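These figures come from a predicted structure and were not determined experimentally. These values consider heavy atoms only, across backbone and side chains, with no hydrogens, waters or symmetry-generated copies.
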Amino acid sequence: MLDNFIAPYESTATQRLKDAGFVTLGKTNLDEFAMGSSTETSYYGATRNPWNTDAVPGGSSGGSAVAVAAGMAPAALGTDTGGSIRQPAAFCGITGLKPTYGRVSRWGMVAFGSSLDQGGPMTQTAEDAAMIMNTIAGFDPRDSTSMDQPTVDYTATLDQPLNGLKIGLPKEYFGEALDDGIRQAIMEAVKQFESLGATVKEISLPRTELSIPAYYIIAPAEASTNLSRFDGVKFGYRCDNPTDLMDMYTRTRSEGFGAEVKRRIMVGTYALSAGYYDAYYRKAQQLRRLIKQDFQAALADVDVIMGPATPSTAWNIGEKTQDPVAMYMEDIYTLSVNLAGLPGMSIPCGFKDGMPVGLQVIGNYFDEARLLNIGHQFQRATDWHSRKPNV
Ligand code: GLN
């Protein structure tokens with residue numbers, strides 16, 4: 001739909017990087033309209049994982065993750081609607097931070113699920129992510145959901161010791177869905193945090209499983225309205241020789257969108273339609289509120305929540321493309337963080353059969369500095385983040 005489209009203006013996040021002297025090396029591949037968990041739905045074809053080129057890099061920001069993991073760039077940006085910074089960061093062995101909703105301006109980002117979307121850094125280290133955050137975070141009057149709250153210097157607290165840090169481990173994140181090798185790597189990482197002075201306790205996020213149906217109603221619903229602007233009139237692709245207006249709309253959208261995008265538009269339109277709105281969209285929004293409350297209750301008791309970023313390591317290209325629901329299930333540990341609007345980070349914490357494992361750290365609203373401090377302290381004590389694939 002947007003092949004050959006050149007944006008007439010710069011996004012706030014990239015403009016701020018340019019103003020600070022960063023150099024843009026290029027655009028990276030991603031799932032079409034950021035819909036996917038593997039970068040296989042890209043119009044330009046799949047991206048490969050540098051740790052095993054038969055495997056997916058995760059998605060949707062797979063190209064950004066690979067650029068950093070393979071050493072092509074020291075840092076990249078991604079957007080995260082349901083995990084698209086954290087999951088590819090985990091699959092490729094890099095650091096990825098999804099900030100609090102509203103912390104980084106969405107101006108100039110293509111809207112997918114506007115109430116969920118958030119841009120953030122994908123880097124080799126938490127320290128690098130802190131430097132990028134210092135540049136991209138902050139209020140932007142051009143994004144009506146941008147938070148008018150002062151930012152902090154994200155590098156200032158990196159060296160703080162973790163003595164007394166209270167970590168919660170949600171028991172629902174360690175259930176049957178979780179691969180044993182990942183469980184082991186996560187528990188090793190937790191031990192490392194204990195030796196750095198943290199205390200650990202089990203907590204519960206009882207509606208974790210319900211984040212999948214809630215998200216896969218809300219995100220497609222928002223996407224179906226956001227994508228209505230791609231109609232062949234204003235910008236992007238237009239079909240050849242339309243016979244009339246309806247023919248132009250229909251063929252432009254049928255020819256311009258890929259299969260996964262069409263699936264989301266159909267699900268979203270259905271969920272928002274008069275007869276089904278109450279049964280699906282309203283229900284999903286009610287669930288979203290409960291999921292947010294679960295997090296708030298948990299975070300009243302602990303400083304941060306830790307668990308796996310993904311239930312398995314990177315799968316092989318083609319393995320899950322025939323079964324969209326199997327692909328959606330892989331987002332189980334990341335979606336709820338977007339539904340609640342909280343910040344979440346994935347940092348490398350080990351390997352399973354040669355493939356990277358990501359530890360997810362979830363914080364309270366606007367606690368990015370604490371997440372980066374935790375990431376930095378872990379990366380000073382371990383060397384998982386400095387291991388490189390053979391490329
Ligand atoms: N995998 C999720 C989806 O397909 C999340 C994508 C994202 O965060 N952009 O919707």
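At a threshold of 4.5 Å between non-hydrogen side-chain atoms, the residues Phe193 and Leu359 count as touching. Gln184 places none of its side-chain heavy atoms less than 4.5 Å from the side chain of Lys352. In this structure, the side chains of Met122 and Ser61 come closer than 4.5 Å at one or more pairs of heavy atoms. Between Phe174 and Met187 the shortest side-chain heavy-atom distance falls below 4.5 Å. Contact check for Thr125 versus His376: no side-chain heavy atoms found under the 4.5 Å cut-off. The shortest side-chain heavy-atom distance between Tyr280 and Leu272 does not fall under the 4.5 Å cut-off. Looking only at side-chain heavy atoms (C-beta outward), Val66 and Pro50 come within less than 4.5 Å of each other. Side-chain contact between Ser115 and Glu222 is present, with heavy atoms from C-beta onward closer than 4.5 Å.
Using a 3.5 Å distance cut-off with no hydrogens or angles, the side chains of Ser114 and Asn226 do pair a donor with an acceptor. For the residue pair Thr145 / Arg106, a side-chain donor-acceptor distance below 3.5 Å is found, with atom types taken as modelled. Side-chain N/O atoms of Gln15 and Asp19 include a donor and acceptor closer than 3.5 Å. Thr14 and Ser11 form a side-chain donor-acceptor contact under 3.5 Å, judged by distance and modelled atom types alone. Asp3 and Tyr44 are linked by a side-chain donor-acceptor pair at a separation below 3.5 angstrom, with hydrogens and angles left out of the test. If you check the side chains of Thr100 and Glu368, you find a donor sitting under 3.5 Å from an acceptor. Side-chain polar atoms of Ser105 and Asp140 form a donor-acceptor pair below 3.5 angstrom. Checking Ser60 against Ser84 by side-chain atom types alone, a donor-acceptor pair falls below 3.5 Å. Remark: the Gln379 side chain and the Thr95 side chain contain an N/O donor-acceptor pair separated by less than 3.5 Å. Using a 3.5 Å distance cut-off with no hydrogens or angles, the side chains of Glu172 and Ser204 do pair a donor with an acceptor.
Note: Tyr237 and Phe5 fail the aromatic proximity criterion, with ring centroids not under 6.0 Å apart. For an aromatic pair to be called close, the ring centres must be under 6.0 Å apart, and Phe351 with Trp51 satisfies this.
Among residue pairs with one or both ends in residues 63-87, those qualifying as salt bridge (charged side-chain N to carboxylate O under 4.0 Å, His left out) are Asp80-Arg86; sequence neighbours excluded. Applying the salt bridge (charged side-chain N to carboxylate O under 4.0 Å, His left out) test to every pair with at least one member in residues 195-204, sequence neighbours left out, gives these pairs: Lys201-Asp301. Residue pairs meeting the salt bridge (charged side-chain N to carboxylate O under 4.0 Å, His left out) criterion with at least one member in residues 116-129: none, sequence neighbours excluded.
We find that Arg251 and Asp240 are not joined by a salt bridge, their nearest charged nitrogen and carboxylate oxygen being 4.0 Å or further apart. In this structure, Glu260 pairs ionically with Arg263, as a charged nitrogen and a carboxylate oxygen lie closer than 4.0 Å. Between Arg183 and Asp179, none of the side-chain N atoms (NZ, or NE/NH1/NH2) sits under 4.0 Å from a carboxylate O, so this pair counts as no salt bridge.
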### Task
Decide side-chain contact (heavy atoms from CB on, under 4.5 Å) for Ile182 and Met355; before the verdict, give the C-alpha distance in whole Å, the side-chain angles of both, and the deciding distance to 0.1 Å.
CA-CA 10 Å; Ile182 297 191; Met355 297 307 283; over 6 Å; no

### Task
Could you check Phe230 against Leu227 for side-chain contact (heavy atoms from CB on, under 4.5 Å), going step by step and ending with a plain yes or no?
CA-CA 6 Å; Phe230 300 103; Leu227 268 52; 4.0 Å; yes

#### Entry: Audit row: Lys320, Glu40, salt bridge (charged side-chain N to carboxylate O under 4.0 Å, His left out) steps and yes/no
CA-CA 10 Å; Lys320 292 190 199 287; Glu40 290 166 289; over 6 Å; no

#### Entry: side-chain contact (heavy atoms from CB on, under 4.5 Å) assessment of Val361 paired with Phe378
CA-CA 11 Å; Val361 190; Phe378 185 74; over 6 Å; no

### Query
side-chain contact (heavy atoms from CB on, under 4.5 Å) between Phe366 and Gln149: does it pass, once the steps are laid out?
CA-CA 9 Å; Phe366 299 103; Gln149 270 216 15; 3.8 Å; yes

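Linking Ile, Leu, Val, Met, Phe, Trp and Tyr whenever their side-chain heavy atoms come within less than 4.5 Å leaves Met266 and Phe33 in two separate clusters. Note on Ile362 and Ile291: same hydrophobic cluster, where clusters join Ile, Leu, Val, Met, Phe, Trp and Tyr whose side-chain heavy atoms are under 4.5 Å apart, directly or indirectly. Leu210 is not connected to Val337 by any chain of hydrophobic side-chain contacts under 4.5 Å among Ile, Leu, Val, Met, Phe, Trp and Tyr, and they are in different clusters.
Scored by the ring pair (Phe, Tyr, Trp, His ring centres under 6.0 Å) test, Tyr276 finds Tyr270 as partners (sequence neighbours excluded). Qualifying side chain to side chain contact (heavy atoms under 4.5 Å, CB included) partners for Asp331, counting only residues two or more places apart in sequence or in other chains: Ser37, Tyr216, Thr334, Leu335.
Applying the under-4.5 Å side-chain rule to Ile, Leu, Val, Met, Phe, Trp and Tyr, the cluster around Tyr9 extends to Trp107.
For the salt bridge (charged side-chain N to carboxylate O under 4.0 Å, His left out) with Asp294, the qualifying choice from Arg288, Arg207, Arg289 is Arg207, the only one to do so.
Under a cut-off of 6.0 angstrom, the local environment of NZ in Lys234 is crowded, with over 12 non-hydrogen atoms contributed by other residues, nucleotides or ligands. Atom CD of Gln296 has more than 12 neighbouring heavy atoms from other residues, nucleotides or ligands inside a 6.0 Å radius. Enclosure of atom CE in Met329 is not indicated, since only 12 or fewer non-hydrogen atoms of other residues, nucleotides or ligands lie within 6.0 angstrom.
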